[in-house]
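As structure tokens, the structure follows; a few thoughts come after it.
Each residue takes its place number in the sequence, starting with 1. Since the structure is predicted, the reported quantities are computational estimates derived from the model, not experimental observations.
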Amino acid sequence: DLGFVVGGAQSGGTEPLLVRASGPALAQFNVEGRLPDPLLQLLNADAGNALLASDAGWQGSVSISSTAAAVGAFAWTDPSSLDSALVESLAPGLYVAQISGDSGDTGQALGEVYDATPSADYAAASPRLINASSRATVGGQSGSILTLGFVVGGTASRTLLIRASGPALAEFDVPGTLADPQLQLFATGGASPYLLATDAGWAGNPTIAAAATDVGAFAWSNPASADSALLVTLPPGNYTVQISSASGANAGITLGELYEVR
């Protein structure tokens with residue numbers, strides 16, 4: 001699942017978004033074990049996860065391909081592939097993009113959400129993406145990680161709160177949480193990724209706690225927990241967050257979160 005929030009202070013109207021579920025299209029990046037038939041469902045979390053729209057094969061849609069080109073998404077070259085996508089205009093609120101195998105199968109898929117607002121139409125009161133999150137099982141013998149890629153657009157730097165929740169998920173009765181999530185932030189716009197910052201235990205940082213309160217994130221109640229977070233100001237560019245087990249030995253569920261801080 002990929003959760004995201006459309007909003008912003010004093011925002012109104014709707015925001016056009018491109019939401020994609022890439023499976024077969026990942027072949028161009030030599031991704032193994034691709035999900036052959038991703039089913040994409042868009043849910044309104046503010047309305048009990050009511051289904052807003054779904055897709056199980058983009059069929060070479062001109063609207064989808066032109067929107068992807070406009071936002072800088074990598075091209076899907078096979079119009080008959082079962083990669084799935086939606087172009088929707090959404091009011092401020094909380095949404096979930098849910099990706100699964102349409103025939104019940106499993107595999108690697110890439111979920112993406114893009115702000116498709118034309119630059120000429122953007123105004124201070126325009127809704128925008130202010131939060132995104134994803135949950136996955138990481139660590140263990142497979143050494144799996146949770147990767148969240150994001151872009152800071154425009155011409156001004158943005159301040160972001162980035163969190164990796166593991167132990168903190170216990171209060172929501174999530175079983176098998178990751179005991180020691182390690183958070184790494186990379187700049188990915190150059191020839192090779194560059195490590196900008198890392199954290200492996202937030203140590204009750206009051207600045208992190210205050211930022212979480214400001215953006216409406218759920219509170220971390222244990223200052224001694226190994227949950228990890230970064231509060232960073234980033235210039236426009238491409239970035240990647242990687243969440244793994246700090247020890248490399250543990251496996252469990254973690255939640256990666258990105259928040260815009262104003």
Flag side-chain contact, heavy atom, 4.5 Å: Ile162 against Leu185:
yes

Asp37-Ser103 side chain donor-acceptor pair, cut-off 3.5 Å:
yes

With side chains defined as the heavy atoms from C-beta onward, is the minimum distance between Val19 and Val87 less than 4.5 Å?
no

Any donor-acceptor N or O pair under 3.5 Å, side chains Ser61, Ser63
no

Nearest-0.5 Å distance that lies between atom CG in Leu26 and atom CG in Leu35:
9.5 Å

Side-chain (Asp46) to main-chain (Leu94) donor-acceptor, under 3.5 angstrom
yes

Using atom types as modelled, flag every donor-acceptor pair under 3.5 Å from a side chain in residues 230-239 to any protein atom, sequence neighbours excluded.
| residue | atom | partner | partner atom | Å |
| --- | --- | --- | --- | --- |
| Thr233 | OG1 | Thr159 | OG1 | 2.8 |
| Tyr239 | OH | Pro235 | O | 2.6 |

Under 3.5 Å: donor-acceptor pair, side chain of Ser81, backbone of Pro24:
no

Cation-pi geometry met for Arg163 and Phe218 (6.0 Å, 45°)
yes

Between Gln98 and Leu43, is any pair of side-chain heavy atoms under 4.5 Å apart?
yes

Going by an N to O cut-off under 4.0 Å, is there a salt bridge joining Arg262 and Glu260?
yes

Tell me if a side-chain donor or acceptor on Asp55 pairs with a main-chain N or O of Ala85 at a distance below 3.5 Å.
yes

Do Trp202 and Tyr259 share a hydrophobic cluster (ILVMFWY, side-chain heavy atoms under 4.5 Å, transitive)?
yes

Between Leu146 and Ser134, is a side chain to side chain contact (heavy atoms under 4.5 Å, CB included) present by the stated rule, with each step listed?
CA-CA 8 Å; Leu146 173 59; Ser134 184; 4.0 Å; yes

Can you give me the closest heavy-atom contact between Ile99 and Arg20, atom names plus distance?
CD1-O, 4.4 Å

Where Ala21 and Leu40 come nearest, the two heavy atoms and their spacing
CB-CB, 4.1 Å

Grab the two heavy atoms, one from Gln184 and one from Leu195, that are nearest each other, plus how far apart they are.
CB-CD1, 3.9 Å

Going through the distances and angles, do Glu88 and Leu17 end up as a side chain to side chain contact (heavy atoms under 4.5 Å, CB included)?
CA-CA 5 Å; Glu88 300 287 333; Leu17 296 171; 5.6 Å; no

When you group the ILVMFWY residues by side-chain heavy-atom contacts below 4.5 Å and let the links chain together, are Trp58 and Phe29 in the same group?
yes

With no hydrogens and no angle check, is any side-chain donor or acceptor of Asp180 less than 3.5 Å from a backbone partner on Ser247?
yes

Heavy-atom check, side chain of Leu110 versus side chain of Phe74, under 4.5 Å:
yes

For side chain to side chain contact (heavy atoms under 4.5 Å, CB included), just list the numbers for Leu178 and Ser245, CA-CA rounded to whole Å, side-chain angles, deciding distance to a tenth of an Å, and then say yes or no.
CA-CA 7 Å; Leu178 182 64; Ser245 166; 4.1 Å; yes

Please check if the side chain of Asp227 supplies one atom and the backbone of Ser165 the other of a donor-acceptor pair under 3.5 Å.
no

Same cluster or not: are Val151 and Tyr114 linked, directly or through other Ile, Leu, Val, Met, Phe, Trp or Tyr residues, by side-chain heavy atoms under 4.5 angstrom apart?
no

Glu171 atom CD, over 12 foreign heavy atoms within 6.0 Å
yes

Should Leu183 and Thr198 count as side-chain neighbours, where that means a heavy-atom distance under 4.5 Å?
no

Show the numbers, then the answer: is there a side-chain hydrogen bond (donor to acceptor under 3.5 Å, both in side chains) between Trp220 and Ser225?
CA-CA 9 Å; Trp220 287 349; Ser225 76; over 6 Å; no

I'd like to know if the side chain of Ser244 reaches the main chain of Ile145, judged simply by a donor and an acceptor atom lying under 3.5 Å from each other, with no hydrogens or angles considered.
no

For the residue pair Ser89 and Thr14, what are the closest heavy atoms and their distance?
CB-OG1, 3.9 Å

Is the closest side-chain heavy-atom distance between Val113 and Leu18 below 4.5 Å?
no

Assess whether atom CZ of Arg34 is packed by more than 12 heavy atoms of other residues, nucleotides or ligands within 6.0 Å.
yes

Which pair of heavy atoms, one from Pro92 and one from Gly13, lies closest together, and at what distance?
CD-O, 3.3 Å

Can you tell me how far the CD atom of Gln182 sits from the CG atom of Asn250, to the nearest 0.5 Å?
12.0 Å

If you round to the nearest 0.5 Å, how far is CG of Leu196 from OG1 of Thr240?
10.0 Å

Taken to the nearest 0.5 Å, the spacing of Ser84 OG from Asp102 CG works out to 7.5 Å

I'd like to know if the side chain of Ser22 pairs up with that of Asp83 as donor and acceptor (distance under 3.5 Å, no hydrogens or angles considered).
no

Quick one, Ile253 with Arg135, criterion side chain to side chain contact (heavy atoms under 4.5 Å, CB included). Give me CA distance, side-chain angles, the key distance, then yes/no.
CA-CA 7 Å; Ile253 294 172; Arg135 191 179 82 166; 3.5 Å; yes

Which atom of Ala226 lies closest to which atom of Ala179, heavy atoms considered:
CB-O, 3.3 Å

